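Shown next, in structure tokens, is the structure this report addresses.
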Amino acid sequence: MEDNLHEWCLLEYCHIATFINPHHLYFTNLSKSSEMSLKNSEILKEANLLTENITNINLSMDKICLLDPASNQVLEPTDGDSFEYFLFGGILGDDPPRDRTAELRRLGFPSRNLGAMQMTTDTALFVTNKILEDKTSINQIPYIDFPEIKIDKTESVIMPFRYVAIPDAHQSTLQTTNNEMKQNIVPLLPSGMIDLLKKDGDMAFEF
Ligand code: SAM
């Protein structure tokens, strides 16, 4: 985890705990203030909240797989047999990506990628879980890059990340030009993200 826990990240981590049992989630390298924020969340207080750095926990490095867009191997369903832990950078996404996953890469963990395009942390966990638990290949998971999210009648924000695509619950089907009915899709976002976007705009990605 990076030092400051951004509100965006907190929403992403709460989202993660809706599809991964919080008892199976370990947050490491937590600052005291981030630890407090996670403890104040009803869903995340059940997770393992550690102030220790990943290198100070007594785990064998070859059982830990770093998820890294720059890895030269794609994550495969069989990787669930060789690794016990999957490690993600607790980093707010940025545009252009600053490759802060490099801090973990330098420690020498074996690694896998989910494609070269930057995902949000909750998306990276969702996709990893789907590949390992459902034994799905990454090519079978639908995604949307750079989705444009409408925040009111006149404004929208382009999110500079890859998201998993899900059917739009509000607009079930669309008619295409050749009269086919097509399901409208939307990015899978953490609950509360659209409200936060309304509050913050796209300021958070620019450095
Ligand atoms: N721009 C960030 C960076 O500087 O590395 C990307 C951080 S991303 C929001 C947070 C974490 O999600 C990464 O550290 C990585 O563990 C995981 N992740 C995101 N996209 C990924 C991909 N395409 N392949 C593998 N892991 C990914």
Side-chain angles (χ1 to χ4, degrees), residues 1-17 19-20 24-30 34 38 44 47 53-55 59 61 63-77 79-80 82-133 136-147 149 157-165 187-190 193 196-197 200 202-207:
M1 294 282 299
E2 60 189 341
D3 290 345
N4 297 317
L5 181 67
H6 195 281
E7 237 180 313
W8 293 79
C9 293
L10 188 57
L11 286 187
E12 291 185 2
Y13 301 155
C14 289
H15 184 211
I16 291 167
F19 53 82
I20 309 260
H24 296 168
L25 287 175
Y26 291 76
F27 290 85
T28 62
N29 197 40
L30 283 173
S34 302
L38 298 187
L44 290 172
N53 185 290
I54 185 80
T55 54
L59 294 174
M61 273 187 87
K63 291 284 168 207
I64 303 175
C65 172
L66 171 65
L67 275 297
D68 180 359
S71 170
N72 53 19
Q73 256 181 283
V74 179
L75 184 75
E76 302 285 351
D79 287 320
S82 355
F83 296 110
E84 281 177 30
Y85 298 91
F86 291 84
L87 174 63
F88 300 81
I91 304 165
L92 179 67
D94 44 19
D95 183 35
R98 283 185 292 167
D99 189 25
R100 288 185 299 152
T101 309
E103 279 183 44
L104 291 166
R105 187 183 312 137
R106 275 194 286 273
L107 300 175
F109 294 102
S111 65
R112 298 289 185 269
N113 74 64
L114 304 167
M117 171 94 190
Q118 172 181 211
M119 294 173 174
T120 58
T121 313
D122 56 325
T123 305
L125 260 98
F126 187 91
V127 171
T128 299
N129 190 49
K130 192 125 191 87
I131 293 173
L132 301 176
E133 291 291 318
T136 309
S137 133
I138 190 156
N139 305 325
Q140 288 173 293
I141 303 173
Y143 58 81
I144 309 181
D145 291 342
F146 295 95
I149 315 281
V157 175
I158 294 184
M159 307 290 276
F161 309 111
R162 171 166 291 180
Y163 289 89
V164 166
L188 175 63
L189 294 175
M193 187 53 90
L196 190 56
L197 275 171
D200 274 13
D202 56 356
M203 304 287 290
F205 312 124
E206 292 161 7
F207 294 92

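We count ligands from 1, going down the list as the structure has it; atoms in each ligand are counted the same way. Quick caveat, the model's predicted, so the values are computed rather than measured.
Residues that satisfy the ring-ring contact (aromatic ring centres under 6.0 Å, His included) test with F126, not counting sequence neighbours, are F19. Scored by the side chain to side chain donor-acceptor pair (under 3.5 Å) test, S71 finds S111 as partners (sequence neighbours excluded). By the side-chain contact (heavy atoms from CB on, under 4.5 Å) test, P77 is found to be paired with I131, K135, residues two or more places apart in sequence or in another chain being considered.
For Q118 (side chain) and G93 (main-chain N/O), no donor-acceptor pair under 3.5 Å exists by modelled atom type. For the pair N29 (side chain) and M1 (backbone), a donor-acceptor distance under 3.5 Å is present.
Contact residues of ligand 1 (protein heavy atom closer than 4.0 angstrom to a ligand atom; sorted by chain and number): L67, D68, P69, F88, G89, I91, G93, D94, P97, R98, D99, R100, T101, N113, L114, G115, M117, Q118, M119, T121, A124.
Between F86 and F83, the two ring planes are perpendicular [angle over 60°; tilted spans 30° to 60°].
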